[in-house]
Asker: 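Here you go, one structure.
In the text below, chain A, chain B and the rest are named by the order of the sequence lines, each starting its count at 1. Everything numeric here is computed off the predicted structure, so don't read it as measured data.
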Amino acid sequence: MSSISAFRVPSVYTRRDMADENELRYDPAAIEPKWQQRWAAEPALYAAEPVDCGKPKYYVLEMLPYPSGQLHMGHVRNYSIGDSLARHMWMRGYNVLHPMGWDAFGLPAENAALKNNTPPRQWTLANIAAMKIQMDRLGLGYDWACEVTTCLPEYYRWNQWFFLRMYEKGLVYRKKSKVNWCPECATVLANEQVVDGCCWRHETTQVDQRDLVQWFFRITAYAQELLDGLDKLDGWPEKVRTMQRNWIGRSEGTDVDFFLEEVQGPGTKGLGTQPTRIRVFTTRVDTIFGATSVQLAPQHELVAAFTAADSKLKAQVDEMIDQQKKAREAGDLGAIEKHGVPTGRFAVNPYNGERVPIWVANYILADYGTGAIMSVPAHDERDFEFATKYGLPITQVIKPTDPAVPQELPFCFEEGVLVNSGAYDGLSCEEAQKRLQEIAERGAFGEPKVTFRLKDWGVSRQRFWGTPIPIIHCESCGLVQVPDDQLPVVLPDQIEITQQGGSPLSRVPEFVNVACPNCGRPARRETDTMDTFVDSSWYFYRYTDAKNANAPFDSEIVKYWFPIDQYIGGVEHAILHLIYSRFWTRVMRDLGLIVNDEPARRLFTQGMVIKDGAKMSKSKGNVVSPDEMVGRYGADATRMYALFAAPPDRDLDWQEDGVAGVSRFLSRVWRLATKYAPVARTGRGQSVGVPTGLSLKLLRKLHQTIAKITLDFEGRWHFNTCVAAIMELVNEIQAADAQLAAGEVPAPVMHELLRSLVLLLAPFAPYLAAELWEELGEEGSILRAPWPVSDPELAKEDELEIPVQINGKLVTVVRVAAGADARAIEAAALAGEKIQMRTAGKTVVKVIVVPGKLVNLVVK
RNA sequence: GCCCGGAUGGCGAAAUUGGCAGACGCAGCGGACUUAAAAUCCGCAGACCGCAAGGUCGUGGGGGUUCAAGUCCCCCUCCGGGCACCA
């Protein structure tokens with residue numbers, strides 16, 4: 001349906017140009033396809049230039065979408081922001097790289113294959129084609145020459161290549177581990193992909209725990225560097241940096257060995273090869289004299305030794321493990337009640353020789369620290385709860401220095417002095433920690449220790465539609481790398497996707513059976529594929545050199561473009577994608593491929609798109625289709641509304657009436673510009689001279705608007721107020737319509753006004769801008785036209801309205817010359833009639849004059 | 001529980017450095033044009049009192065600093081997001 005119904009031509013124009021009634025209507029359905037065709041025919045418009053072009057570079061990147069087949073409003077918002085920025089930077093004369101690609105591996109393609117009997121590849125490529133059309137319709141200016149599609153062998157061969165390089169460096173390893181298993185996906189999930197005990201893609205599907213041999217990337221080797229790097233990322237939102245800091249979870253403390261008390265008699269059986277020490281991790285070694293038990297995680301290796309000789313204990317521990325597992329699956333690990341069982345064994349505190357019981361407790365995590373703690377109930381909430389429940393002794397060993405601290409257990413504070421701690425009594429917590437660490441190191445029963453919460457990145461997936469892991473299992477040679485010259489290991493074409501568990505690739509004999517590259521004997525390919533976060537960890541490097549068949553990219557080209565100047569995407573990727581990318585960048589740096597430490601200098605996280613109070617999503621049934629909006633109002637209006645309705649970093653409430661409003665505004669621009677274009681054209685190339693009167697007024701507003709928008713593009717990014725500023729400008733021009741029609745403003749000024757207006761609109765409404773640019777008789781593409789420069793002289797007001805307050809309350813305003821000094825302003829303020837009346841008979845105690853801002857009289 | 005955000009008209013929002021609160025837009029109301037409607041154009045519009053001139057109140061709540069607070073400080077409430085038995 002046509003959106004903008006025909007409107008009656010304004011009378012002033014009807015007289016002049018009756019014949020062209022149709023041309024007066026703003027009709028995005030006509031304009032937009034016309035420019036799509038033209039731009040498609042001229043791909044160089046959006047193409048990055050060679051590295052030696054001599055221009056400063058600007059790399060603007062938006063997160064690549066998963067090719068589901070449909071853009072959603074979140075994409076529209078993300079890409080509208082990025083596209084406006086890219087267009088602005090082009091106009092500022094930068095060599096802009098503005099690429100787009102497809103995060104094309106992943107489960108939905110397999111699900112679709114099951115459902116429609118369409119091969120994943122075909123389904124994915126068809127979706128890509130459809131979404132590309134949507135993007136083109138939106139008028140997004142991408143350099144399609146460097147498009148990256150992660151499911152194509154030309155791309156994923158480099159995943160494999162990187163995997164092998166990392167394998168050689170010891171950054172890839174295999175281990176049997178408890179993994180998160182999503183029954184729906186029938187695959188393993190990374191810790192980061194488990195949300196509240198459920199799969200991040202299937203929010204109602206509980207994740208199981210399974211034991212599998214898995215491939216891991218040793219991201220923990222970079223934990224400290226990833227943490228330190230955050231301090232320097234001042235172009236990233238503090239929020240994201242904080243989230244990553246918490247995720248990495250660095251914690252400084254001490255590893256301390258408690259000695260396992262020797263036990264004589266039958267109970268010692270099975271303990272023979274076990275360590276005689278229990279290593280605990282604590283951040284509060286200063287409280288160690290208050291340790292009244294040692295607590296082990298149920299999975300701790302010593303527990304297995306203890307239970308081997310004690311079937312009753314074993315039953316209790318097994319039950320505990322089972323309960324923990326259930327709780328983990330239900331996602332409320334923190335909610336289960338603390339409980340434990342005594343092992344009947346004792347440990348000896350290395351500092352004072354005190355004998356404390358060893359318990360197994362369900363609140364001790366096997367995979368954090370050493371899986372064992374010393375329990376100090378007087379100074380830890382959890383230990384206190386536990387000790388109270390089981391009547392374990394509670395010994396206070398820290399006395400608060402601050403008398404305001406309530407005298408109640410447990411005492412959880414760090415400001416205090418030691419008591420009941422033998423030779424260390426009287427030391428501050430901080431000093432005591434240092435001293436106790438020294439003693440431990442000297443006595444070889446402990447040392448300072450930094451622990452991270454971050455775990456290694458499990459990348460194995462038992463799925464078909466992902467990058468095959470380039471490893472061959474040979475019975476004689478063990479794990480053998482696929483030689484580089486045999487890459488890529490290509491996914492087989494013919495495959496039957498079923499819902500059976502295990503890797504689909506393992507059921508394809510042609511894929512699995514292979515000769516060992518080492519000994520030539522029959523061997524088996526690895527059938528796990530890689531997590532799709534591998535694909536998105538480095539795709540933005542590939543953009544710079546997407547066709548390279550010999551290397552993932554040319555280092556020199558990457559050196560030119562990196563780091564990314566501006567990365568834009570949703571905050572939901574704050575941890576997963578953005579931490580993996582930072583890791584990958586460092587790995588590539590250490591492989592000598594790149595020189596930058598961080599992928600992106602600046603990161604911008606846009607807010608969510610909300611409708612009727614909830615995030616737009618299929619499950620909520622509140623989805624607005626971009627196609628529908630574009631069909632009804634045009635791409636320009638849709639995009640501009642996405643920028644106008646809220647600042648980009650905040651959530652955006654989608655209201656269709658608002659899109660209609662923006663569309664009305666664009667119609668107004670259209671009418672105004674087409675009406676005065678004939679006059680403006682005659683003023684092309686002529687100087688505006690020294691404008692006065694209405695000309696000056698309008699040019700002043702114009703130059704103020706240019707200044708405002710230019711400033712916003714430089715970092716503040718309040719595009720909502722940029723659009724508002726353009727609206728104000730248009731309102732002001734339109735308010736002068738009668739005078740303009742009467743010819744009060746000379747042609748060169750009309751030209752300057754309309755030309756600049758169109759330039760200001762170009763980043764936000766490229767179709768309309770291009771059309772009007774042509775209408776104004778301008779040559780060349782508006783895309784490469786220089787961004788207008790604000791003339792500060794013209795922008796300056798020559799008279800200001802200064803509010804005058806009495807005791808902080810507004811009474812009146814006075815007009816003064818713009819440069820007026822404090823004395824002149826004060827005089828003008830005091831001379832005002834209303835001020836005279838209000839101050840009559842009273843004393844003006846004080847006069848505050850802020851030149852250019854206001855006057856406040858303090859009156860008694 | 002801890003760590004981030006946020007709260008301003010009927011609605012989306014603005015106020016860039018402490019200086020006229022509500023720009024811009026939506027919805028609404030009045031008018032012009034029209035046989036009529038739509039579209040368009042012009043105007044009104046925070047709340048309360050008042051015929052008006054004008055006055056009082058007003059940025060989630062309470063306190064404070066200041067000539068002046070949406071903005072700074074302290075305390076609290078609610079909403080959103082992240083983390084959560086991390087020793």
Asker: Sorted by first residue and then second, give each salt bridge (charged side-chain N to carboxylate O under 4.0 Å, His left out) pair with at least one member in residues 281-294 of chain A; sequence neighbours left out.
Answerer: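 For residues 281-294 of chain A: R284(A)-D286(A).
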
Asker: Paired with C29(B) by Watson-Crick or G-U wobble geometry, both distances under 3.5 Å: which nucleotide is it?
Answerer: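 G43(B) - that is the nucleotide pairing with C29(B), both distances being under 3.5 Å.
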
Asker: Let's test your reading of the model: under 3.5 Å, does the base of C85(B) pair with the side chain of K338(A) as donor and acceptor?
Answerer: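 Counting by modelled atom types and ignoring angles, a donor-acceptor contact under 3.5 Å is found here.
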
Asker: Using a 4.0 Å cut-off on heavy atoms, which residues in residues 706-717 of chain A reach RNA chain B? List them by number, or say none.
Answerer: K708(A), L711(A), R716(A)

Asker: What orientation do W359(A) and Y390(A) show, parallel under 30°, tilted 30 to 60°, or perpendicular over 60°?
Answerer: tilted

Asker: Can you tell me if H339(A) and N362(A) form a side-chain donor-acceptor pair at under 3.5 Å?
Answerer: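 Result is yes, a qualifying pair exists.
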
Asker: For A87(B) and S251(A) - does any side-chain N or O of the residue sit under 4.0 Å from the phosphate oxygens OP1/OP2?
Answerer: yes

Asker: Considering only NZ, NE, NH1 and NH2 on the basic side and carboxylate oxygens on the acidic side, decide whether E238(A) and R245(A) come within less than 4.0 Å.
Answerer: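 A salt bridge links E238(A) with R245(A).
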
Asker: Would you kindly compare N362(A) and A735(A) by the position of their nearest RNA chain B nucleotide and give the one closer to the 5′ end?
Answerer: A735(A)

Asker: Does I81(A) reach the side chain of W717(A), with side-chain heavy atoms less than 4.5 Å apart?
Answerer: yes

Asker: Assess the residue pair Y351(A) and V285(A) against the criterion (side-chain contact (heavy atoms from CB on, under 4.5 Å)); give the C-alpha distance rounded to whole Å, side-chain angles, the decisive distance to 0.1 Å, and a yes or no.
Answerer: CA-CA 10 Å; Y351(A) 288 98; V285(A) 71; 4.1 Å; yes

Asker: Would you please confirm or rule out a distance under 4.0 Å between OP1 or OP2 of G82(B) and any side-chain N or O of R245(A)?
Answerer: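 Looking at the OP1 and OP2 atoms of G82(B), neither is under 4.0 Å from any side-chain N or O of R245(A).
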
Asker: Considering just the side-chain nitrogens and oxygens of R25(A), establish if one lies under 4.0 Å of OP1 or OP2 belonging to A39(B).
Answerer: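 Result: no.
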
Asker: Using purine N1 to pyrimidine N3 plus N6-O4 or O6-N4 for Watson-Crick, or N1-O2 and O6-N3 for G-U wobble, each under 3.5 Å, what pairs with G5(B)?
Answerer: C79(B)

Asker: Quantified in whole Å, what is the P atom distance between nucleotide G12(B) and nucleotide G18(B)?
Answerer: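 Comparing P positions in G12(B) and G18(B) gives a spacing of 27 Å.
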
Asker: Base, backbone or nothing for each nucleotide of nucleotides 20-25 of chain B, written B, S, -, heavy atoms under 4.0 angstrom, 5' to 3'?
Answerer: B--BBS

Asker: Using both distances under 3.5 Å as the test, list the Watson-Crick or G-U wobble partner of C20(B), or none.
Answerer: none

Asker: Does R668(A) reach the side chain of Y26(A), with side-chain heavy atoms less than 4.5 Å apart?
Answerer: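 With C-beta onward as the side chain, the pair stays apart.
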
Asker: I want to check something: taking the side chain as every heavy atom from C-beta on, are V855(A) and E826(A) in contact at a cut-off of under 4.5 Å?
Answerer: no

Asker: Under a 4.0 Å threshold between the charged nitrogen and the carboxylate oxygen, would E447(A) count as salt-bridged to K449(A)?
Answerer: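 Between E447(A) and K449(A) there is no salt bridge, as every charged N stays at least 4.0 Å from the carboxylate O atoms.
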
Asker: Both Q734(A) and G371(A) contact RNA chain B. Which one's nearest nucleotide lies toward the 5' end?
Answerer: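 On the 5' side of the pair lies Q734(A).
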
